[in-house]
Each structure stands twice: as C-alpha cells, then as structure tokens.
Chemist: 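One structure, pasted below without further comment.
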Amino acid sequence: MKRYVCNACGYVYDPEYGDPDGGIKAGTAFEDIPDDWVCPQCGVGKDEFSPED
C-alpha cells in the first residue's frame, strides 16, 4: 500500500500504522479512509494529499 504526503505540512499517512487517534485502523489504505478525514497535524482535507514518490 502506498504512503501519502500532506501537501500543506508534510505529514505522511502510512497505511501500516493508520491514524489511531483519528479512528483509522492500521492496515487501512488511503483510498479507504472516509472523505471527511483530515490531516492530524494541520487539519486540511484528504484531497490535499499526494502519493509519496
């Protein structure tokens, strides 16, 4: 599964770890995260993330 980077602050969403504080279980692909999820560091929406190279 691909990691995604927040374009605003550089936070990396890693599906291996998920976002437990945001209710996203480890092993959850970025594509499977609900659309209303926001970056845990800066609060921008999921649409502000890009796949990591």
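Every value quoted in this text rests on a predicted model; they were computed, and no experiment measured them.
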Chemist: List the atom of Met1, the atom of Gly27, and the distance in Å for their closest heavy-atom pair.
Modeler: CE-O, 3.4 Å
Chemist: Please report the shortest heavy-atom distance between Pro15 and Ala29, naming the atom on each side.
Modeler: CB-CA, 4.3 Å
Chemist: Considering only heavy atoms from C-beta outward, does the side chain of Pro40 approach that of Tyr11 to under 4.5 Å?
Modeler: yes
Chemist: Taking all non-hydrogen atoms of both residues into account, name the closest pair between Lys2 and Glu52 and its distance.
Modeler: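 Shortest heavy-atom contact: CE-O, 4.1 Å.
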Chemist: Are the side chain of Asn7 and the backbone of Glu48 linked by a donor-acceptor contact shorter than 3.5 Å?
Modeler: yes
Chemist: Could you tell me whether the side chain of Cys6 reaches within less than 4.5 Å of the side chain of Val44, counting heavy atoms only?
Modeler: yes
Chemist: State, to 0.1 Å, how close Gly22 and Trp37 come at their nearest heavy-atom pair, and which atoms those are.
Modeler: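 Of all heavy-atom pairs spanning Gly22 and Trp37, the closest is O-CD1, 4.4 Å.
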Chemist: Is there a side chain to side chain contact (heavy atoms under 4.5 Å, CB included) between Tyr13 and Ile33 once you walk through the steps?
Modeler: CA-CA 11 Å; Tyr13 173 77; Ile33 296 173; 3.5 Å; yes
Chemist: Please round to the nearest 0.5 Å and tell me the distance separating atom NZ of Lys25 and atom CG of Asp19.
Modeler: 14.0 Å
Chemist: When rounded to the nearest 0.5 angstrom, what is the spacing between CZ in Phe30 and OG in Ser50?
Modeler: 8.5 Å
Chemist: What closest approach, in Å, do Pro34 and Ile24 show between heavy atoms, and which atom pair accounts for it?
Modeler: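 For Pro34 and Ile24, the tightest heavy-atom pair comes out as CD-CD1, 3.8 Å.
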Chemist: Give a yes or no answer on whether the side chain of Lys46 reaches the backbone of Val38 with a donor-acceptor pair at less than 3.5 Å.
Modeler: no
Chemist: Does Asp32 have any side-chain hydrogen bond (donor to acceptor under 3.5 Å, both in side chains) partners at least two apart in sequence or in another chain, and if so, which?
Modeler: none
